[in-house]
Structures are given as C-alpha cells and as structure tokens.
Amino acid sequence: MQENKILRPIRKVGIVGYGAYIPRYRLPAREVARVWKADTSGEPSGEKAVAGLDEDVITMSIEAARNALARAMIDPAKIRAVWVGSESHPSAVKPTSTVVAEAIGAVPNTQAADWEFACKAGTEAMQAAIGFVGSGMAAYALSIGMDTAQGRPGDALEYTAGAGGAAYLLGPAEESLAIIEASYSFTTDTPDFFRRANEKYPEHGERFTGEPAYFKHISAAAQELMRATETKPEDYTYAVFHQPNDKFPKRVASSLGFKPDQIEAGLLVPWIGNTYAGSALVGLTAVLDVAEPGDKILLVSYGSGAGSDAFTIQTTEELIKRRKQAPSTQEYIQRRTEIDYATYSRYRGKLSMK
Amino acid sequence: MELSQHWRLKQQRYSLVGEICPYCEGKIFPPRDICPDCGNEAKTTFQFNGKGEIYSFTTVRQAPAGHEENAPYTLALVRLEEGPMVAAQLTDLDDQAVEIGMPVEMVTRKLRSEGERGLLIYGYKFRPILKAA
C-alpha cells in the first residue's frame, strides 16, 4: 500500500461563499508591443486587467470578500481567519488582512495574516483554511488570492502581468456550495522566478520557468491527487490550472489527459492576464458561475520557487441559488475600458512625479 | 492628520458604519452620537447598505494636498437610500457622464497616502452600480 500523501481534514470542509474582483481597465498586448517595438510576427494577442489609481490588493480583496459574504449569507463576526495571499501587499510591514477584516466586519475575534508564495499564496491560504475549519477550530475562514502583478517595462512579463483575484469563505461541508474533497501539495526548491526585497520588478529564468518549474510541479500535484482519490481526467467536468499565459495551461491540461472544453470556462488569461496569486482562484470563480450541481472540478495552482497545490472539488445544490447574489466573473470581465500605454504608466505609478 | 484620527474614523470610512436614533429611528451618517433630527442621544451603530443616488456633483481640477495625483476627479453629494447625504469621490467612471439621480454604490478605495513613507488611507467612494442586486 502506498503512503498517504493526501491532505484530508477530520471534518468535511467546503466553499460557503466565493467572490471575484477584476478592475475595469484593460491594456491590450499589442499596445505593449507597439511601445517596445517588439517583433509582432507572432502577433501578440489578448489583454490584461489593470487596477485604477485608487486600487490595490487591499481594496480589491475587500470587494472580493464582500462578494463571497453576499453568497455565503453568514454573519462576518463568525469568521475566525482572514488570510490574504499576494505578491503585491501595499505595505511591507502592516498587514493587508487587518484592513480587509475591519472593512468586512470580521474583527476583533479573528486571526489575520498575509501569505507569500509567489503565485500560489492564495491556494496556500485556502489549504490552511481547510485545516482551520476541518479540525473544528473555526466555523469559517476566509482565504484570498489577489494581485496587482509586477512586470518590468519592456519585459516579456509586461504583456500579461494583470490585476485581479478571488476570495473564498470556507466552512462546514453541510453549508457549502462546493465541497473540497481532498488536496495535495508538491513543493521543491526551484529558482525559476523571484523578486528580491525592495525590488520593484521580478526576475525570471526565461525557458527555465517551463519544464522544471510550471510543468513538473503542476503535473506531479495533479497526478498524485488523481491517483490517491482514484479519479481520472474524464471524471472532472472542469479543470483550472495556474495561467501565466495562454499556452502553459493548455499544454499541461493536454499532457494530463484533459480536453479543451474542460478548461475553457476557467481559462481567463486572454481577457485579464496573469493575476499571479489570483490566477487559478479567479479562474475557479468563473467555473463556479456556470457549473451544475454535482460537477467535479480539479484546481491546480503553481507558485514559483516552487510548488503546486491541487484540490478536488464537487459542487452542491446550494450553488445555483447562491451564486446569483453577487456579480459574476464574466460581468467583471465585460466591464471593460481599454487604456493606452501612457494611461497604464500613470495608473501603475510608472511616471515620476518629482 | 494624526494617526489616531485615521484610526478613530476607520469604521465609518471603510464600510459606512453610522448610527440609528433609538427615539425617532433616524439614520445618522457620519456618526455623531446625537440625533440631528430629534436631538436625543443616539449611539446605536447602524450599517448602511452602500446604495444611493447622486444629489449633485462637480469636477475637481485643483486638488487639495494629497489628492493631486487623482485630479481631475468627480466629487459628489450622494443621498444614501437610508436618508443621510454624504460627500464622496466618484470612481470607475470611465467616460460615463454623471447625472443627478444616477444610482451609485459604495466601494472602499485608496483615498491617499501620507507621502512615500506615510500611512495609506482607505475609505468610501461611490461608483455606478455594477449589477442590480
């Protein structure tokens, strides 16, 4: 018998409420190519969501959390943890999570902390929340993955580094609109992408971010979770993978045996870009917006450095009536104002004012 | 502004928490512990739902200190559904024309920062309604 590597709580845990947030501004990839006179023979496609002048991970997390609460219909004073995973916490020292907790009315009887693990900080917080609720320590815990992603001007990352994310309120399975059946984490020390303290923009290993990093970790996490839960790709109606670009999630899905129609609903990168810690989690919100009760969903995040968290989730009857209580992810995507590179520079603080 | 002042105002600024008068049931914002309608003591907290409509508005081009980077911006008087009037910035307007009577909803946004090293200040603004609930 194989050793059990799968994470399962004592008490069953599920998603009681979920909420997305995507800012309204969009920078098309062709606009980045125009400014940097990039080779457009492989015409850059898609666009990314850009946060407005008065938005950051705190304000975006508050709105996503309010959407999650609207669907959960619980008293926020019953929340015992508010955890925000991000690469863009507005302050180096002063928690994002305390402001979010205060704004949604979860203080003072709550744990609060900011999480960091590149693009998987949000699913990391979600896994911890499963433990918090699943052990019986807490009735509800709120996990958020949100970013205003950084990319150096002119760097390949600038085409996709977008803004957005999602909040998940976890609670007892009996009250859930989707039950988290099991999860698994696969982690190694892999230097594919990093940002040193006090640096504004990250460094990345070009092609090294692919095979030994993204593909290895996502594949290992997904395969082990499916093996241990005795599920196959065809058992899942939907699959959501971390989406740094359009190619990687499609390729990893295909190599694992998933078909394009299983990943389509949750693949948002062509419209909002790579929202780093928000990426896989906001993809899952778009799936929950359209799923039917009883659908099985595979969620696999990826964070550079590197690791993947994989989850197997099954929706319940509760989903249909409660999802209408907050704006859908597609409604946020359709609320779209195109901006040019100059406006983007202003909104993202790339202009020196003094 | 002092740190203590920001700290004192956080609840009303982050989430429109005001008061309700136990005598005449008038809703009060900002909270002031005395009912402006009947003059009695009113200290019961009340959570406003954040919905309202534009009563009047103007465009600010010469912004006060701390707000220069956002100029020009639209400042509005918003009549909350529960009654009180609040002055606040409008946000996420795009090129949309603002009109008197336009329905708006509260969002919590960054109001300003106290310089590069200072505190980031968050509070309510209003935007066109994203979705009719």
Side-chain angles (χ1 to χ4, degrees), chain A residues 20-26 51-67 69-71 75-77 89-94 96 98-107 148 324-328 330-332 334-339 343 346-347 349 351-354, chain B residues 3 6-17 45-51 63 65-75 88-96 105-133:
Chain A
Y21 184 74
I22 299 159
R24 79 174 302 158
Y25 305 102
R26 301 285 181 278
L53 277 171
D54 58 1
E55 295 187 287
D56 62 19
V57 161
I58 288 180
T59 68
M60 293 161 55
S61 295
I62 291 171
E63 182 155 341
R66 285 181 178 146
N67 286 337
L69 276 166
R71 289 185 171 115
D75 177 0
H89 292 292
S91 290
V93 178
K94 185 179 188 306
T96 297
T98 53
V99 187
V100 176
E102 184 84 47
I104 63 169
V107 294
T148 53
K324 293 190 182 73
Q325 288 164 191
S328 73
Q330 283 302 331
E331 280 173 296
Y332 278 111
Q334 282 153 24
R335 184 185 71 137
R336 171 189 182 277
T337 301
E338 190 175 316
I339 56 172
T343 307
R346 180 182 173 209
Y347 284 3
L351 294 176
S352 176
M353 304 289 278
K354 54 181 181 253
Chain B
L3 289 175
H6 293 303
W7 171 73
R8 237 182 340 261
L9 295 174
K10 67 188 178 209
Q11 264 201 321
Q12 51 173 284
R13 273 201 194 143
Y14 290 174
S15 46
L16 283 181
V17 174
T45 58
F46 178 80
Q47 173 69 62
F48 285 82
N49 73 11
K51 302 273 196 288
H67 295 275
E68 300 97 329
E69 289 182 22
N70 287 314
Y73 55 84
T74 307
L75 193 64
Q89 272 188 45
L90 300 185
T91 189
D92 286 0
L93 279 175
D94 190 9
D95 294 325
Q96 193 170 342
E105 63 188 354
M106 189 276 275
V107 286
T108 308
R109 291 292 170 91
K110 195 161 68 183
L111 297 182
R112 61 195 168 93
S113 63
E114 307 245 282
E116 282 289 300
R117 299 174 57 181
L119 188 68
L120 294 166
I121 317 293
Y122 298 88
Y124 54 82
K125 292 191 180 183
F126 287 81
R127 71 166 174 212
I129 294 207
L130 185 81
K131 180 194 173 176

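Please read these numbers as outputs of a predicted model, since none were measured by experiment. In what follows, every chain begins at residue 1, and chains take the letters A, B, ... in the order their sequences are listed.
- Counting heavy-atom pairs closer than 4.5 Å to chain B, the top-ranked of the candidates A:Thr59, A:Asp54, A:Asp56 is A:Asp54.
- For B:Leu16, no part lies near chain A; criterion is any non-hydrogen pair under 4.5 Å.
- When all heavy atoms of B:Ser15 and A:Ala103 are compared, the closest pair comes out as CB-O, 3.4 Å.
- Within 6.0 Å of CD in B:Glu105 there are more than 12 heavy atoms belonging to other residues, nucleotides or ligands.
- For A:Tyr21, the part sitting under 4.5 Å from any heavy atom of chain B is the side chain, from C-beta outward, and nothing else.
- Rounding to the nearest 0.5 Å places CD of A:Glu102 at 12.5 Å from CZ of B:Arg13.
- Of the listed residues B:Asp92, B:Thr91, B:Val107, the one with more heavy-atom pairs under 4.5 angstrom with chain A than any other is B:Asp92.
- Heavy atoms closer than 4.5 Å to chain B are found nowhere in A:Ala70, neither backbone nor side chain.
- Looking at A:Ile62, only its side chain comes within 4.5 Å of chain B, counting heavy atoms on both sides.
- Of the listed residues (A:Ser91, A:Gly52, A:Pro90, A:Gly349), the greatest number of heavy-atom pairs within a distance under 4.5 Å of chain B belongs to A:Pro90.
- Residues B:Arg127 and A:Arg24 fail the side-chain proximity criterion, which asks for heavy atoms closer than 4.5 Å.
- Using a 4.5 Å cut-off between heavy atoms, B:Leu111 does not touch chain A at all.
- Across A:Lys94, A:Lys324, A:Met60, A:Arg346, the residue that shares the most heavy-atom pairs under 4.5 angstrom with chain B is A:Arg346.
- The stretch residues 67-74 of chain B places B:Glu69, B:Asn70, B:Ala71 near chain A, each with some heavy atom under 4.5 Å from a heavy atom of that chain.
- For A:Val107, no part sits under 4.5 Å from any heavy atom of chain B, backbone or side chain.
- By the ring-ring contact (aromatic ring centres under 6.0 Å, His included) test, B:Phe126 is found to be paired with no residue, residues two or more places apart in sequence or in another chain being considered.
- Interface residue B:Glu116: only side-chain heavy atoms are found under 4.5 Å from chain A.
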Run the side chain to side chain contact (heavy atoms under 4.5 Å, CB included) check on A:Ile58 and B:Lys110 step by step: do they pass?
-> CA-CA 9 Å; A:Ile58 288 180; B:Lys110 195 161 68 183; over 6 Å; no

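- Across all their heavy atoms, A:Arg335 and B:Leu130 have their closest contact at CD-CD1, 3.0 Å.
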